[in-house]
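Shown next, in structure tokens, is the structure this report addresses.
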Amino acid sequence: FMADTNTKSFRTLKDGNRGPMPSVQRGEPTNFCINNIQKFGQSEKLPYLCRMNKTVYLGMIGDIMHPGLINIIREGAKYGDLMIGLFTDKAIASHQRLPYMTYEQRKNVVESIKGVSTVVPQDDWSYVPNLLKYRPDYIIHGDDWCEGAARELRQQVFEAMTAIGGEVIEIPYTKGINSSSLNKEIKKIGTTPDIRLSTLRRLIAAKPIVRILEVHDGLSGLIVENLEIEKGAGKSSFDGMWSSSLTDSTSKGKPDIEAVDLTTRMNDLNNILECTTKPIIYDGDTGGKPEHFVFTVRTLERNGISAVIIEDKTGLKKNSLFGTEALQRQDSIEAFCQKIGMGKAAQITKDFMIIARCESLIAGKPVADALERCLAYVDAGADGIMIHSKEKSGADIRQFCSLFRERHPAIPIVAVPTTYNHVTESELAGWGVNIVIYANHMLRAAYPAMMRCAESILQHERSLEASALCMPIKEILELIPGTR
């Protein structure tokens, strides 16, 4: 129960209903209160009936603290006991980029700020579920939500507070400083290998599906890093990058047969690492000899790569998209499991992931064969499974996911819908897929664009007509910070 000292009635939290109760004088302790204060002291365990102050709710991400947030905390505390609804990673990831700090780290910071009485998790982008759960007397928010995408959220809050008999307090938004502008400045500084490496696991835990796009140089990495679009009430962006052996080889004019060694690929990766902060998944092809794979794991982990995906093929690599048109020889289950085990034994951190890529469906084998192999790979220590197929319907992928989820509800599944590209991300998530990789689209888009430009110059013997195909020279000069 919560005492309402103005109306001399009580609010029932357990069943969510208000009901008249025997009146008490303002500030007058009851025997019930006295007994429980003696039992619990002034702690969160103290029943709400004995807390005579008003409750004020403030939703907050709390990742980058600045004067504007301190000001709203100070203002909120003037009205009563300030409850911070701290957004969880799950709530944040559905609308914007993951915060730099974990929920526990942010909680430790926020609950130490003067004026904060308690911190509770807010698992939804909307405030409404927590407002109905905790039924505060007030909610406080800056007046910046009166315009833009947040207007709908504001309307929902007003309706919820009216329903529970509470009030909305809006204070002037602090001008000149905000989390978004500070976030841009922090991104310029970059990140550390440890922080980047751990982000992928946080994303998998927080999002219905993690969206990964292929990159092959620093420029394509910057697109993944910075591109955001407004979508509904939030923003949509890519969560990380895929270092593809296919596009890495092709961009160098070499065939996709593991002809480019780890040292060469790491040189290119360093260019991407220098100008981005998002997690990277590395296409490790077959992983090579088990004894060599150990050093690959150490190298990738040391540089902050979040995961490596290795496929269960042996011999000279042939790209999977050839399907049965090219000879696809799978490794034995025992040998591939040994490679996984040696890689896991070599890694230092608990955050680095080794994901086993199963090629059974590519080789024309049934789903049962893929399932047998993948179950063995998980038992050998694989942190996730990538299931690959050349079929355009996606039905075999869906069947595999259903059967695999019966045995392993939580092991991450990775899908690469290059051929079954009509399937949406929400559908994949419904099948049980955790990560979707768009594995080669950036290079496939770049090559035709360059061809059109080159053909236009040849055709017209000048570049005037090609200009319409190119970005303005001023934009290319200003694309990379520091060029001017």
Side-chain angles (χ1 to χ4, degrees), residues 54-101 103 106-107 109-111 113 115-187 206-207 228-237:
K54 298 283 188 177
T55 302
V56 186
Y57 189 87
L58 170 61
M60 180 181 293
I61 291 176
D63 190 37
I64 305 174
M65 300 305 297
H66 56 78
L69 294 178
I70 299 301
N71 179 58
I72 197 169
I73 288 173
R74 185 185 300 117
E75 290 298 314
K78 292 177 181 179
Y79 290 85
D81 293 333
L82 185 63
M83 173 186 290
I84 301 294
L86 191 63
F87 284 66
T88 61
D89 281 3
K90 181 180 178 182
I92 297 166
S94 62
H95 281 72
Q96 63 184 54
R97 183 173 177 168
L98 271 184
Y100 294 99
M101 293 190 290
Y103 174 83
R106 292 183 284 120
K107 182 174 182 290
V109 172
V110 172
E111 64 187 5
I113 298 174
V116 174
S117 296
T118 186
V119 177
V120 298
Q122 180 166 319
D123 290 317
D124 197 284
W125 188 253
S126 170
Y127 296 87
V128 173
N130 266 15
L131 295 180
L132 298 180
K133 178 179 180 180
Y134 296 105
R135 303 176 69 85
D137 299 281
Y138 305 102
I139 179 173
I140 188 168
H141 200 286
D143 61 4
D144 56 311
W145 65 347
C146 295
E147 299 178 355
R151 283 183 299 175
E152 182 179 349
L153 192 65
R154 178 178 181 267
Q155 181 62 33
Q156 294 172 359
V157 167
F158 269 86
E159 292 173 359
M161 291 303 286
T162 298
I164 64 175
E167 298 180 34
V168 179
I169 303 168
E170 292 178 322
I171 66 169
Y173 185 66
T174 304
K175 304 293 184 182
I177 187 167
N178 56 61
S179 298
S180 297
S181 60
L182 289 174
N183 181 53
K184 290 180 181 178
E185 294 302 314
I186 291 174
K187 284 175 67 175
K207 299 194 70 175
E228 287 185 342
I229 64 168
E230 299 287 341
K231 199 170 183 181
K235 296 178 179 179
S236 183
S237 62

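In this text the structure is predicted, and so the values were computed from the model without any measurement.
- The structure places CE of Met83 at 11.5 Å from CG of Leu58, a figure rounded to the nearest 0.5 Å.
- Taken to the nearest 0.5 Å, the CD atom of Gln155 stands 4.5 Å off from the CD atom of Glu159.
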Can you give me every donor-acceptor pair (side chain of residues 68-80, partner residue at least two apart or in another chain, under 3.5 Å) with its distance?
from: Glu75; atom 1: OE2; to: Lys78; atom 2: NZ; distance (Å): 3.0

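- A heavy-atom distance below 4.5 Å is not found between the side chains of Lys235 and His95.
- With values rounded to the nearest 0.5 angstrom, Phe87 atom CZ is found 13.0 Å from Asp63 atom CG.
- The aromatic rings of Tyr134 and Tyr57 lie parallel to each other, their planes meeting at an angle below 30°, with 60° marking the opposite boundary.
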Lys133 vs Val120, side chain to side chain contact (heavy atoms under 4.5 Å, CB included): CA-CA, chis, key distance, verdict: CA-CA 11 Å; Lys133 178 179 180 180; Val120 298; over 6 Å; no

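- Considering every non-hydrogen atom in both Arg97 and Ile92, the closest pair reads O-CG2, 3.4 Å.
- In terms of heavy-atom proximity, Leu131 sits nearest to Pro136 at O-CD, 3.6 Å.
- Checked against side-chain contact (heavy atoms from CB on, under 4.5 Å), Ser237 has the following partners two or more places apart in sequence or in another chain: Glu228, Lys278.
- Residues Ala206 and Leu98 share a closest heavy-atom pair of CB-CD2, 4.2 Å.
- With Arg106 contributing its side chain and Met101 its backbone, the two residues share a donor-acceptor pair below 3.5 Å.
- Rounding to the nearest 0.5 angstrom, the gap separating the CD1 atom in Ile164 from the CG atom in Leu132 is 6.5 Å.
- Residues Lys107 and Val119 approach most closely at CG-CG1, 4.0 Å, considering heavy atoms.
- Among all heavy-atom pairs drawn from Val109 and Met65, the shortest one is CG1-CG, 4.2 Å.
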For residues 141-148, dump all side-chain donor-acceptor pairs below 3.5 Å to protein atoms at least two apart in sequence or in another chain.
from: His141; atom 1: NE2; to: Tyr127; atom 2: OH; distance (Å): 3.3
from: Asp143; atom 1: OD1; to: Tyr173; atom 2: N; distance (Å): 2.9
from: Trp145; atom 1: NE1; to: Gly142; atom 2: O; distance (Å): 3.4
from: Trp145; atom 1: NE1; to: Glu170; atom 2: OE2; distance (Å): 2.7

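- Nearest heavy-atom pair, Ser236 versus Lys231, reported as atom, atom and distance to 0.1 Å: CB-CD, 4.0 Å.
- Of the possible polar contacts, none joining the Thr55 side chain to the Asp81 backbone as a donor-acceptor pair under 3.5 Å is found.
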